[in-house]
Amino acid sequence: MSALETVYQANTQTEPAMIELKGISKEFVKPSGDVHSVLQGINLQIPKGEFVSIVGPTGCGKSTTLSLIAGFEPPTQGKVYISGQKLEGTNQRAACVFQTENAFPWKTVMDNVSLGLRLRGKNKAEANDEARKWIARVGLKDFEGHYPSQLSGGMRKRVALAQCLIVQPEILLMDEPFSALDVHTRHLMEDELLRIWEETSASVFFITHDLEEAIALSDRVIVLTAGPGARVKGDYRIDLPRPRNVAEISFDPAFMRIHQQIWQDLRDEVIISYENANKFSS
Amino acid sequence: MKMQINSVVSPASREVVSRKAELKREALKLRARNLSLQLAVFVVLTGSWQFLSSNKIIDPFFFSSPFDIVKHIWTWAVNGTTAGPLWLQFWVTFEETILSFILGGVFGIIFGYALGVNELLSVILGPYIKMINAIPRVVLVPIFILWFGLGMPSKVASGLVLTFFIVFFNAFQGVREVDRNLVNNARLLGASKGQLARHVIIPSALTWILSSLHSSFGFALIGAVVGEFIGATHGLGYLIAQSQGAFDTTGVFAGMLILSVTALIADWGVSKLEKRFIAWRYVRK
Ligand SMILES: Nc1ncnc2c1ncn2[C@@H]1O[C@H](COP(=O)(O)OP(=O)(O)OP(=O)(O)O)[C@@H](O)[C@H]1O
Ligand SMILES: [Mg+2]
């Protein structure tokens with residue numbers, strides 16, 4: 001077994017992991033009354049400052065996992081620990097870029113970005129100064145006074161990013177944040193994200209459909225099995241050197257090797273998921 | 001080099017300016033057209049009414065005529081009505097309407113919000129509210145007059161029950177329709193319960209509430225006028241009832257005209273309010 005292939009072992013430091021999922025299962029009750037099991041027996045540890053991506057076929061439960069870590073809903077079984085403390089209610093140490101929409105349509109870009117600081121009791125002038133920096137950082141300098149409806153989809157994603165980063169969260173949750181962007185903008189934003197992340201010590205939980213993106217960004221890629229009852233299928237360490245250039249790293253032979261390995265895992269699950277979908281629909 | 005840039009930029013910017021002026025002209029033209037068409041409809045309708053009535057094709061006793069109606073309002077304004085000066089009748093009705101509009105709106109928003117955010121409360125009270133809502137509220141007016149007398153309180157109560165339910169259901173729906181993601185996002189960013197209401201739930205529900213205010217002003221007016229119609233000593237509704245009792249069709253129409261102008265002005269006011277409070281919906285690049 002090469003170093004790349006080894007299934008990641010939870011490090012045995014004394015410091016508790018930033019995020020820990022212990023024996024997590026999540027079930028939903030369908031309208032018909034049947035129980036739909038989404039996640040089953042998930043165990044996962046994410047140390048402080050680690051960038052972890054999670055991939056898996058559509059509908060396998062990636063967003064559900066995220067909402068458990070964010071504390072939007074409790075797991076059916078098992079517990080979520082944040083820095084060794086059991087999570088109750090909303091996770092106050094996290095910020096999240098949602099799969100759909102972050103920006104409040106009735107607030108300008110400035111008010112959207114400064115919101116986190118305002119909610120935490122900072123006065124308006126200070127919050128706005130700070131927000132101005134972040135708005136510039138995500139390249140929206142001339143759009144401070146615009147409402148989200150006046151921005152493009154990509155620009156709204158940048159607002160979302162600035163809105164999260166301004167509160168300097170210890171945990172950054174991202175649900176397919178860049179999937180709606182064109183390749184070029186996407187690479188720019190990915191690079192910017194990596195740069196910002198390297199300055200902070202945030203743990204990142206990054207959901208994506210795109211395996212290349214996952215590998216290019218992460219310290220670790222986790223593959224979920226197809227639902228129902230998704231489990232962790234593979235847990236891969238990505239030992240590519242940092243700082244990375246997202247646009248070019250995919251030409252690296254090491255990158256290709258890793259990609260091939262993970263893809264084998266992922267492809268099987270995608271096929272199973274596709275077959276399940278066809279079985280249910282026919 | 002500089003020359004070249006200038007020669008490239010300035011015609012372009014000149015074109016932008018002329019394009020802007022052109023757009024403005026087009027918008028103005030469109031407005032003028034709409035306004036003149038609206039005016040044309042008015043002229044045709046009142047003109048043919050006047051024509052039919054003056055030529056006795058329709059009976060002026062039952063149908064009156066625009067000219068007579070205006071004259072009647074003028075007489076009321078100058079000589080006063082059977083219940084006192086005209087402005088007083090108008091003022092009484094207006095006061096009742098505004099009061100019931102405000103009270104109905106405030107109660108509607110408070111209850112709608114409370115039930116919208118509180119699952120238990122909405123489950124418990126839901127059937128009762130549906131039941132009360134199913135009652136044709138106009139039948140309550142005589143009861144209010146029995147309870148509160150001929151004066152203002154009974155009219156305000158009538159207008160209030162009419163407006164309350166409209167605003168209530170809209171506020172309730174508005175609170176329910178709030179995007180879960182946005183609520184979750186605000187929570188993560190550290191919003192307390194009060195902050196959540198201020199930054200997310202109320203702004204989101206405001207669209208619904210303000211659109212309900214349009215129709216609810218009309219209903220407040222209906223409540224007040226119906227109340228006056230059934231039992232009162234002042235007000236436009238009372239005036240209409242009096243005219244009707246004297247077989248004075250022109251008087252009835254005159255009262256109606258004043259009412260509809262009032263409603264039109266109120267609607268314009270609510271639209272202004274709407275533009276101000278939900279500006280984010282109206283700004284476009
Ligand atoms: N609130 C809910 N009630 C019932 N079922 C739900 C609920 N939320 C999610 N599910 C189900 O859980 C499963 C996983 O959903 P989830 O959104 O986590 O998938 P995902 O992996 O994020 O998919 P995608 O990649 O398409 O975003 C789906 O089958 C979905 O139908
Ligand atoms: Mg998802």
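Just so you know, these numbers use all the heavy atoms, side chains as well, and skip hydrogens, waters and symmetry mates. All chains are named by letter (A, B, ...) in the order of the sequence lines, taking the proteins before the strands, and each is independently numbered beginning at 1.
- Note on A/Ala95, A/Ala94, A/Cys96: by heavy-atom pairs under 4.5 Å with chain B, the leading option is A/Ala94.
- The neighbour count for B/Phe165 CZ, taken as heavy atoms of other residues, nucleotides or ligands under 6.0 Å away, is above 12.
- Ranked by non-hydrogen atom pairs under 4.5 Å with chain B, the options A/Leu115, A/Asp111, A/Ile166 are led by A/Leu115.
- A/Glu192 CD: more than 12 foreign heavy atoms inside a 6.0 Å radius.
- To the nearest 0.5 Å, the span separating CZ on B/Arg198 from CG on A/Leu119 amounts to 8.5 Å.
- Annotation for B/Glu177: atom CD counts as buried by contact number, over 12 foreign heavy atoms lying within 6.0 Å.
- Ranking B/Ser204, B/Ala191, B/Ala186 against chain A, the residue ahead of the rest is B/Ser204, based on heavy-atom pairs under 4.5 Å.
- In this structure, CG on B/Leu188 lies 13.5 Å from CZ on A/Arg93, to the nearest 0.5 angstrom.
- Nearest heavy-atom pair across A/Lys107 and B/His199 is NZ-ND1, 2.9 Å.
- To the nearest 0.5 Å, the span separating CG on B/Leu189 from CZ on A/Arg118 amounts to 13.5 Å.
- Under a cut-off of 6.0 angstrom, the local environment of CD in A/Gln168 is sparse, with at most 12 non-hydrogen atoms contributed by other residues, nucleotides or ligands.
- Annotation for B/Phe42: atom CZ does not count as buried by contact number, only 12 or fewer foreign heavy atoms lying within 6.0 Å.
- Looking at every heavy atom in both residues, B/Arg187 comes nearest to A/Thr90 through CD-OG1, 3.4 Å.
- Side-chain contact check for B/Asn181 versus A/Glu101: every heavy-atom pair is 4.5 Å or farther apart.
- Of all non-hydrogen atoms in B/Val200 and A/Trp106, the two that sit nearest each other are O-CZ2, 3.4 Å.
- Counting non-hydrogen atoms of other residues, nucleotides and ligands closer than 6.0 Å to CZ of B/Phe107 gives a total of 12 or fewer.
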Residue pair A/Phe98, B/Leu182: steps toward the side-chain contact (heavy atoms from CB on, under 4.5 Å) verdict: CA-CA 9 Å; A/Phe98 289 83; B/Leu182 293 184; over 6 Å; no
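- Only the backbone of A/Ala103 comes within less than 4.5 Å of a heavy atom of chain B; no side-chain atom from C-beta onward does.
- No hydrogens or angles considered: a donor-acceptor pair under 3.5 Å links the side chains of B/Asn185 and A/Gln163.
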